[in-house]
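Scroll down for the structure; my scribbles are underneath it.
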Amino acid sequence: MNHLLIAPVVLPALVAPFIIMALRYHIDLQRVFSVASCVLLTVIAVALTAQAADGTVQVYELGNWQAPFGIVLVLDRLSALMVLLTAVLGLGVVLYAMGSGWDERGANFHALFQFQLMGIMGAFLTGDAFNLFVFFEVLLIASYGLMIHGGGTRRFQAGVQYVVYNLIGSSLFLFALGTLYAVTGTLNMADLAVRVAELPASDTAILRVGAIMLLLVFAIKAALLPLHFWLPASYANAPLPVAALFAIMTKVGAYAILRMYTLVFAPDVPAAAGLMEAWLLPAALMTAAIGAFGVLGSREIGHLAAFGAITSVGTLLTAISLFTPEAAAAAIYYIVHSTFTAAALFLIADMVMERQGGEITAKPVMAHSGLISALFFVAAIAMAGMPPLSGFLGKLLVLDAARDHALAPWVWAVILISSLVTILGLARAGTAIFWKSHGLDTPEDYVAEAPNPAPSTALTFVTVIGLLGLLGLYTVAAGPVMRYAEATAADLFDRRAYVETVLANRDRPVEDPNDAHSHDTFHHADHNEDTYPQPDAQSEESH
Amino acid sequence: MIQYAYGFAYACFSLALLMNLWKIIFAKETSDRILALDTMFINAIALIALYGVALGTEIFFEAALIMAMLGFISTVAYARFLLRGNIIE
Amino acid sequence: MSLFLIAALPFLGALFPGLLIRAGRDACAFAAGLASLLAFVGLMTHAPAIFAGEVIHARVDWLPQLGLSANFFLDGLGFLFATLILSIGLLIILYARFYLSRQDPMGNFYTYLLLFQGAMVGIVTSDNILLLLIFWELTSLSSFLLIGFWKHLPEGRQGARMALTVTGMGGLAMIAGMLILGHIAGSYDISVILQNKEAIQSSDLYLPALLLILLGAFTKSAQFPFHFWLPHAMAAPTPVSAYLHSATMVKAGLFLMARLWPVLAGTDAWFYIVATTGLVTMLLGAVIALFKDDLKALLAFSTVSHLGLITMLLGFGTKAAAVGAVFHIINHATFKAALFMTAGIVDHEAHTRDIKRLGGLRHLMPVTFTIALVAGLSMAGIPPFNGFLSKEMMLELAAHTDWNGSHLLVPALATLAALFSVAYSFRFIAHTFLGPKREDYPGHPHDPGFGLWASPALLTVLVVVIGLFSGPVVGPLVQVTADAVTGAHPKVYLKLWHGFTPALYMSAGAIVGGLLLLMLHRWLDRAWNDAPRPEAKAIFEGIIARVTDLARGITDGLHNGAITRYAAIMVVFTLAVSIHAYTSGTLGLPTRKMMEIGLLPAVGWLLLVVATGCILLLHRNRFLSLILIGIVGLIVSLSFNYLSAPDLALTQISVEVVTIILMLLALNFMPKDTPIETPPLTRLRDGGIAVAAGVGIAALAYAMLMRDFSFESISAFHAANSYKGGGGTNMVNVILVDFRGFDTFGEIIVLGIAAMVIYALTEAVLASKVRAYLLNRKPDMLMAGDAHPGLMVVVTRVMMPVALMVAAYIFFRGHNLPGGGFIAGLIAAIAVVMQYMASGFGWAAERQRFPYHGIIGSGVLVAAATGLGAWFNNVPFLTSDFGYVHIEPLKEFELATAALFDLGVFLAVVGAVLLALESLARFAWQPGIDTDHAIDINPARDDLAANEKNEG
Amino acid sequence: MKILNRLVPHPYLTLMLTVTWLMLVNRFSLNSLVFGLFLGLLIPFVTQPFWPNRPKLSKPLNLIGYVAVVLWDIVVANFIVARIVLFMPNSRRQPAFVTVPLDIRTPEAIAMLGGTITMTPGTVTCDISSEGHALLVHCLHAPDPESEVATIKSRYEARLKEIFE
Amino acid sequence: MELLVASAIGILTAAGIYLMLRRRTFPVILGLSLLTYGVNIFLFATGRLVTGAPPILNKYAEVAYADPLPQALVLTAIVISFGMTAVVVMIALAAYLSAKDDNINMTHTTEAGEDA
Amino acid sequence: MMEQILDILIVVFAVLGGFFGLLGSFGLLKLNDPVSRLHAPTKTSTLGVGAILLASFFHSWGYDHHGSSHELLILMFLLVTAPVTANFIAKVHISRHTKPEDLPSPGEDRLWATHMQPEENGDAPQQQG
Ligand code: NA
Ligand code: NA
């Protein structure tokens with residue numbers, strides 16, 4: 001049993017309560033533990049990715065109950081990659097939050113942050129549909145706390161909307177899971193795959209409703225049009241470092257779609273055939289387009305970054321909704337890119353916001369304007385999918401993968417035109433914020449300072465440069481990464497290894513932990529007839 | 001015979017619940033509504049007890065016990081709200 | 001030198017100027033120059049091989065899955081362009097060192113310039129069209145930075161954005177074109193593509209690919225109708241214009257057409273699109289140039305015109321035309337770069353570029369005048385300068401070109417363009433330098449230092465030398481380049497005198513006409529200015545503004561902040577796709593019999609429905625709706641009991657009470673009524689949506705309830721193993737703490753986080769200005785006396801230990817009977833909340849010894865530690881263990897790790913509920929409230945006080 | 001002795017809780033008793049701060065008699081109320097508030113009296129006076145309010161005074 | 001009986017959705033509560049309806065049990081939605097106290113300048 | 001014999017319970033003044049459920065052959081809490097619908113507790129503004 005598999009969930013789940021229990025009044029120690037946890041998570045994630053890289057699927061049977069009866073965690077190439085992505089992003093964001101002093105502007109930041117990581121990690125690793133719901137809720141509720149961190153009227157108002165929208169989503173999730181369970185009698189994803197594939201035709205109507213509702217749940221998370229409405233206001237009004245962490249949240253939705261709709265409800269499974277072909281791809285394209293328009297139409301840098309995230313989600317979902325191994329590989333490549341890019345853009349937006357406020361307009365020249373503008377330029381390139389960064393490669397991969405699809409001209413047109421509109425928007429914003437300021441009549445020595453003097457400005461820059469550097473590295477290493485992505489996509493479309501590994505133990509007999517008594521189901525009865533654990537039994541002292 | 005008695009009791013408490021509902025909807029006084037809700041809890045306890053007896057199980061005992069305790073708390077909470085606005089002060 | 005290194009050197013060099021700027025401007029320029037020089041030297045090491053007709057390759061895989069490789073190759077065409085880029089680049093670096101002022105951030109300038117240079121070298125040496133695309137877009141980006149270099153100038157920002165938009169658009173189109181091209185050819189490697197002319201030209205996709213690629217090339221090379229960005233790019237510092245807009249970037253489009261000439265040219269489509277565009281651009285550029293008063297604008301339109309010329313030649317599709325195109329590329333680069341630099345010098349010295357404010361500079365700036373004169377005459381196509389040679393070739397080729405049956409159209413228009421070309425060239429010289437010296441120059445013009453005029457002078461020398469000795473000087477270069485362009489070995493004749501050819505007559509006519517035009521210039525200028533004509537910039541900005549407004553309209557219109565609408569859209573969308581999913585599947589007949597409806601369920605249903613309906617009708621009275629919600633909760637709980645789920649009933653009712661308390665606490669601070677805000681139609685719409693969704697869910701539930709599972713449920717396993725493997729008879733509890741303990745672990749964390757969030761929120765709110773509001777808040781309702789009645793206090797005191805006892809009972813029995821840590825936790829929490837309600841916040845909080853955060857934390861940690869404990873047995877997280885212990889004289893009893901896990905649940909729930917409620921209650925906390933006494937009215941205490949008073 | 005006091009702050013409470021536990025468990029056994037006693041000691045110890053003043057009972061055994069009286073009265077009360085509700089028209093019913101002056105002083109005793117009044121024939125404790133020297137009692141049907149007050153004082157308050165003071 | 005349960009689910013859902021489409025935070029929260037009831041009963045009903053057969057093992061009788069799994073799931077769901085409700089109530093209160101307005105819809109307030 | 005007696009007890013208590021349960025709720029509807037309405041449910045419903053619990057108690061005695069203390073426990077809970085409930089609801093009525101002069105004199109004290117003003121019952125003075 002490889003306990004490393006559960007470490008990404010358990011580690012933050014231990015650090016967070018420890019922080020609230022013992023370190024509530026010691027921000028320095030909180031930071032030490034939080035960063036240490038993130039570093040350790042990164043190390044663990046690297047180890048897990050290395051383990052998964054050869055294609056073996058590992059299963060962790062929680063409570064020693066075999067699938068499909070208990071909950072299992074499953075490590076394969078895809079989940080390992082997502083865990084690694086989360087860990088690295090988490091490390092970056094926590095460092096930035098420290099450097100910018102954001103973590104001190106409200107209570108419980110680090111504990112919530114660790115819980116947030118725990119929820120995301122769990123969502124990526126779990127092999128059980130209901131457990132996925134639980135982890136969704138963990139990551140959501142932590143995100144509610146982080147979203148309103150620091151307080152403020154607009155943030156609270158946006159917070160209400162964010163929570164309400166997601167609560168509707170959670171309700172839908174439960175409707176979906178209930179429907180699936182009512183038909184198949186199982187919750188384990190691999191088992192669902194087996195059962196859905198063998199489903200009698202007479203049950204498809206109900207199952208399909210469940211399947212589609214589940215898809216919508218993930219689509220909400222992923223911010224697919226017209227279910228994306230929660231995103232702009234939430235991200236733009238959240239503390240922007242938190243929004244940077246949220247960059248991974250849309251990917252949780254994308255991941256879940258990729259996982260469930262290749263493993264369980266793949267288009268080649270009769271019961272799921274034709275579920276979403278008609279509308280998913282158009283919706284994804286609309287998402288990309290609306291996101292791009294949003295970038296161009298934004299009046300505020302937080303919104304700009306948020307719509308940037310939406311347009312990249314559109315591109316990502318476009319790739320996913322093609323449901324071919326090539327497109328899935330492209331999507332997997334694009335996921336990492338778009339996560340880092342969106343995060344970097346949010347962090348840079350925070351730098352701007354802290355120094356001169358959020359509106360996209362000329363303000364007196366801010367401190368570190370040159371460096372920030374350079375970082376913005378690089379992040380904008382990545383966001384718009386311009387060369388030489390990975391966004392360009394990702395877009396090329398998506399376009400290439402869409403080539404044989406009936407809607408290929410649409411895909412190409414929308415993605416390319418969205419890119420253009422995004423470029424327009426980013427250029428417009430960048431010139432207004434960074435260039436136009438120089439045209440203002442301000443005293444020579446005037447420099448707009450950050451309203452909240454940050455504890456360590458250097459750390460914030462190091463973090464952002466680090467993230468962008470990672471993007472550069474990711475671009476250079478595109479070849480090996482794509483090999484991994486292609487192998488991952490191949491795994492997704494050939495689900496046998498996953499299913500067989502997860503369900504390998506389903507017929508394992510159950511041992512009674514208490515051997516001495518195992519000869520009888522209700523051993524108490526052997527000792528004393530009337531202490532049988534019925535309403536009047538004696539086992540209440542089991543403490 | 002016993003079954004008829006239980007059936008009678010069922011019917012009485014069911015009817016009582018409906019009367020409570022009537023009161024809650026059409027009462028002029030909010031205090032009457034709270035009172036009706038409190039009575040509902042009491043009637044519910046009776047129904048749970050009856051149901052447990054009918055099924056010959058004590059599994060529902062906890063539910064009745066807790067309802068007795070919680071009905072009280074929620075009634076007090078509602079009333080306190082009307083009295084002071086603030087239920088914890 | 002490796003091609004990789006040559007392409008990489010400018011990029012590496014780009015790192016230094018920015019870093020070296022502290023070391024001074026010279027160091028900065030030197031570093032930049034050194035990088036260019038090294039690359040140039042590296043390039044020249046390949047010269048012998050190139051002239052020998054060899055092609056040099058360098059390959060490395062990058063993203064083979066896509067067919068994107070970092071493959072470079074160097075042939076004649078690449079060599080020519082790389083030479084131009086690097087050599088003129090060197091001259092520009094030198095020139096810029098003296099041109100830029102002290103205020104200009106020179107480090108940035110050289111960094112951008114070298115980035116641009118690297119991108120250009122990359123374009124011309126790429127052997128992979130995807131790689132070429134990358135460099136292509138990089139030129140757009142770096143030129144954006146260069147054009148907008150003077151960021152304080154609005155023209156600079158606008159020009160930069162315009163250039164980026166137009167060329168970026170072309171680049172994106174080209175991506176599509178290149179992907180199609182590569183798809184047809186089966187490879188993205190240029191050397192492979194060039195072998196596939198037949199396949200490409202016979203493909204159905206040839207035309208779309210051609211159009212998309214040409215869109216890229218035309219935008220980059222400022223061909224009509226995309227020419228308008230180039231003049232606006234003149235807002236850049238002059239070195240940038242001289243580099244980008246004469247020699248390099250704008251030639252990238254030409255390079256691309258030349259590069260793909262072997263596979264794309266030769267078709268009718270190619271001819272009519274490319275040649276016509278080139279012809280129109282050539283004429284239009286020349287005409288407009290004549291009427292530009294800004295020296296740089298004049299040169300910019302001249303460039304447009306010359307780019308059109310070259311494009312037209314490439315469009316002719318003949319080998320001879322290709323030779324002419326190549327030759328003119330060289331010539332144009334030399335004279336135009338020189339002219340731009342000259343214009344820059346004039347601007348630098350006279351502080352204006354407006355021709356109308358210049359004239360007579362010949363006397364003040366003889367050196368500059370000489371350079372301008374030579375280069376200008378070359379631009380005009382006057383012998384013996386190099387411009388004349390290539391223009392003659394153009395006219396000659398035009399004279400023999402038939403356009404859709406018309407023999408005259410092309411030669412006539414070409415001659416006309418040449419005529420205008422002569423006119424604006426002469427105007428450039430005459431109106432700037434000739435004529436009388438003026439007194440009103442904004443600056444004090446005189447010849448600049450050597451550093452500034454060295455570069456144009458050198459280029460002017462080339463203009464002359466190539467003109468006089470074209471064959472020996474550039475013949476071989478033109479030859480190898482033409483070979484590369486045509487993929488064949490065309491004959492290259494470069495001579496000054498061709499005899500009395502049609503071209504000569506056309507040329508002569510052009511010169512005479514040009515002089516005439518110049519004489520009529522004042523009159524023509526007035527006519528031109530009076531004539532209505534579309535202003536490209538206005539159109540472009542109009543489109544952009546329109547698009548931006550549209551974007552803003554769509555964005556604001558869709559995301560108007562109305563979550564009510566977002567939610568409605570979500571519900572409707574969900575409904576629509578669900579109906580689609582349902583109708584595209586099949587539903588079998590019911591497999592279950594409907595259960596009979598007894599009295600109890602009927603009454604329950606009625607209560608539930610009526611209560612729900614009343615909530616809808618009366619929801620504006622918020623307190624009343626909370627009472628009604630209480631009914632719903634009660635009925636739901638009873639239903640769970642009735643339907644064999646006692647655990648659920650317990651949980652539901654306890655959660656219900658805590659929720660109500662929470663909502664009442666919140667409602668205290670909120671309006672007590674909801675106003676009517678939505679018009680009836682909206683309410684009707686919402687009602688429709690709600691009813692549709694309700695009917696949908698009800699139908700789904702009914703369909704599901706009437707059919708059995710399709711497969712045996714996994715819960716059969718849970719039933720079979722709950723006692724044997726889990727040690728408990730309450731299957732639900734065993735599932736919660738054992739089979740699916742991980743869910744429960746997550747669930748308590750959710751609860752803990754909820755409390756933490758609420759706490760953090762309270763802190764945030766109380767730290768804001770809201771605190772003052774709360775302290776001064778007047779109760780919005782009648783306050784009855786006696787906040788803490790004695791009867792209640794006494795009863796809750798007795799109840800609290802009993803309730804805790806009940807909690808303990810529920811906790812321990814949970815594994816076998818309804819109950820468990822969660823419900824026990826709620827009851828324990830409620831027992832404490834009772835104290836808060838009865839005896840007051842201050843009194844109770846003061847007596848509460850355990851910090852709630854700590855209780856939550858310890859709960860989660862206990863649960864986690866229980867889970868981790870399993871590792872010591874080398875079994876997975878949360879594996880439970882239980883055993884039976886026998887201590888005399890007691891009977892045997894069970895010890896289970898699941899109970900420990902449940903203890904964690906218990907603690908987390910207690911902590912979370914109390915922290916949440918306490919946080920909320922803090923809003924109402926007013927300083928000065930007596931915390932010593934729980935009971936407001938206590939005669940015993942008063943008697944005691946009275947006695948003490950009497951005694952004292 | 002002090003330590004014992006500290007550890008067992010409320011011996012009656014411990015006794016009551018142990019009995020409660022046995023009633024909850026619903027079957028007497030040694031295990032239950034031991035565990036019940038354990039909890040009965042633990043819970044008062046933990047909740048000690050919430051009940052700082054131990055109520056002193058002068059004659060605890062009288063409590064049993066009192067409870068018996070009250071239980072009987074409750075049963076009777078219900079028949080009286082039933083009769084009034086069912087057969088007495090609202091117009092003939094004479095509801096009234098009466099003031100019951102208090103001789104008892106401790107909150108526990110007053111609470112017990114208030115509770116008793118509510119549960120017994122036709123009366124409900126509604127309020128206490130501002131200094132705690134009188135109870136406001138509502139009578140469902142009180143043609144003679146003075147006699148109601150007298151009954152309350154003699155039948156319940158006197159006994160409570162004996163038990164508590 | 002199935003009809004009663006199914007229609008109750010539908011009614012709760014419909015009422016919940018209607019209230020969620022109101023403009024003030026309080027009715028929206030009420031709506032969420034109603035929707036949650038609907039969801040929980042739905043999830044519970046996936047085990048199909050059984051009376052008098054709680055999933056508590058009984059040694060003395062060979063009896064059928066109600067499906068325990070949906071019950072466990074609903075329990076988890078109830079707890080989670082309780083946490084969520086608490087949070088949303090609190091955020092709504094904070095928003096109201098900060099803005100003195102409990103309208104759930106946000107309106108645009110910033111009009112940033114145009115770029116030249 | 002014993003069983004028959006138990007059966008009779010069960011029937012009697014079940015019927016009584018039902019009767020009083022119904023009566024409590026009926027009284028809530030019938031009685032015409034708010035404080036009088038308090039009497040019916042607090043006493044009658046409590047007795048009704050008490051009778052049902054006793055029926056259940058005898059049932060388990062008669063059929064499961066052991067007494068059940070659970071019912072008694074619930075009954076005790078109800079008896080202890082009902083007065084508090086009644087007290088609070090009465091206070092609501094007093095505070096909302098009566099003035100001091102509507103009620104009999106509180107004797108030596110000045111007011112009934114519910115009518116006390118905030119300053120008088122130990123609360124912090126309400127700050128204005
Ligand atoms: Na267990
Ligand atoms: Na349980």
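In what follows, chains are A, B, ... by sequence order, proteins preceding strands, each numbered from 1.
With rounding to the nearest 0.5 Å, the separation of CG in C:Leu791 from OG1 in D:Thr118 is 7.0 Å. With values rounded to the nearest 0.5 angstrom, D:Met16 atom CE is found 9.5 Å from C:Met805 atom CE. Atom-to-atom distance recorded for C:Met800:CE and D:Ile43:CD1 is 9.5 Å, nearest 0.5 angstrom. We find the CZ-CG distance between C:Phe812 and D:Leu39 to be 6.0 Å, quoted to the nearest 0.5 Å. For the atom pair CD1 of D:Ile128 and CG of C:Asp936, the computed distance is 10.5 Å after rounding to the nearest 0.5 Å.
Ranked by heavy-atom pairs under 4.5 Å with chain D, the first of C:Met792, C:Gln835, C:Glu846 is C:Gln835. By number of non-hydrogen pairs under 4.5 angstrom with chain D, the leading residue of C:Pro789, C:Ala934, C:Ala808 is C:Ala808.
In this structure, D:Pro49 and C:Arg847 approach most closely via the heavy-atom pair O-CD, 3.1 Å. Pairing each heavy atom of C:Val794 with each of D:Pro107, the nearest pair is CG2-O, 3.7 Å.
Of the atoms belonging to D:Leu13, it is side-chain heavy atoms, and not backbone ones, that fall under 4.5 Å from chain C. Neither the backbone nor the side chain of C:Val793 comes within contact range of chain D; no heavy atoms are under 4.5 Å apart. Proximity to chain C (any heavy atom under 4.5 Å) is shown, for D:Thr125, by neither the backbone nor the side chain. Contact of C:Ile935 with chain D is made through the side chain alone, with heavy-atom distances under 4.5 Å. Contacts of C:Ala844 with chain D are made by both backbone and side-chain atoms, with heavy-atom separations under 4.5 Å. With a threshold of 4.5 angstrom between heavy atoms, C:Val798 approaches chain D through its backbone and through its side chain.
Side-chain contact check for D:Thr20 versus C:Pro801: every heavy-atom pair is 4.5 Å or farther apart.
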